[in-house]
Amino acid sequence: MSSLCCLLPLAVIALGLGSGAFMAVTMQYRWLLIPAGIAGVLAGVVLYVRERRRCDALACRMAGSRITLAVLALAALIVTTSIVLDQFPEMTSDLLARIADGGAHGAGGHDMRDMKDMGGKARP
């Protein structure tokens, strides 16, 4: 639930249900949503550790512990990624440009850097 602060706006846009305007509106509240995501992940970890200790003390098996731990790790990764993308926008734009440029280069198989002669002559 805590990673929804950062993932939900992206998911809505990726599914085509929203627009850039929706993302612009939700990004205005990142000052509230990102700390809420951090608090949610921390609360989940605290509750997980508390239940784990209780089960260890009672010698019982904790139901769904691996799934819960995996979901907590995924939520922490999403919130951390959102923080990095928010705090370092230049690095983010450079990374996205490299990915987009690399994807276009790999998909088409053309390398425009080899075209030194722009006079229309074919290269051997």
Side-chain angles (χ1 to χ4, degrees):
M1 291 294 289
S2 62
S3 65
L4 288 178
C5 73
C6 314
L7 188 62
L8 187 60
L10 293 174
V12 168
I13 289 182
L15 292 173
L17 302 174
S19 65
F22 176 77
M23 186 70 147
V25 169
T26 57
M27 289 304 292
Q28 291 176 2
Y29 300 106
R30 69 180 183 271
W31 61 269
L32 176 66
L33 295 174
I34 290 177
I38 293 168
V41 169
L42 289 176
V45 169
V46 167
L47 291 172
Y48 176 82
V49 169
R50 192 172 89 185
E51 182 68 15
R52 186 75 177 183
R53 286 182 183 165
R54 187 184 71 80
C55 282
D56 288 346
L58 296 174
C60 65
R61 186 171 178 270
M62 186 174 164
S65 65
R66 288 185 181 175
I67 294 172
T68 303
L69 191 59
V71 170
L72 278 172
L74 180 63
L77 180 68
I78 291 169
V79 171
T80 303
T81 302
S82 296
I83 293 168
V84 169
L85 294 177
D86 185 56
Q87 295 299 314
F88 303 105
E90 293 87 15
M91 180 187 73
T92 302
S93 65
D94 290 343
L95 178 66
L96 291 175
R98 266 190 252 131
I99 290 171
D101 188 37
H105 172 66
H110 301 289
D111 191 1
M112 300 303 286
R113 289 175 285 192
D114 288 339
M115 296 183 66
K116 295 177 184 175
D117 194 15
M118 297 300 287
K121 298 178 197 171
R123 293 187 62 152

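Position 1 is the first residue of the sequence; numbering continues from there. As the structure is a prediction and not an experimental result, all values here were calculated from the model.
- Summarising the geometry of Ser82 relative to Ile34, their closest heavy-atom pair is O-CD1, 4.3 Å, with the distance given to 0.1 Å.
- Just one residue in the list Thr80, Thr81, Val79 forms a side chain to side chain contact (heavy atoms under 4.5 Å, CB included) with Leu77, and that residue is Thr81.
- Applying the 6.0 Å contact sphere to CG of Leu58 captures more than 12 heavy atoms from other residues, nucleotides or ligands.
- Follow the hydrophobic side-chain contacts under 4.5 Å out from Val49 and you never reach Val46; the two are in separate clusters.
- With rounding to the nearest 0.5 Å, the separation of CD1 in Ile99 from CG in Asp94 is 11.0 Å.
- The OH atom of Tyr48 sits 14.5 Å away from the CZ atom of Arg50 when rounded to the nearest 0.5 Å.
- A pairwise comparison of heavy atoms in Val41 and Leu72 identifies O-CD2, 4.2 Å as the closest pair.
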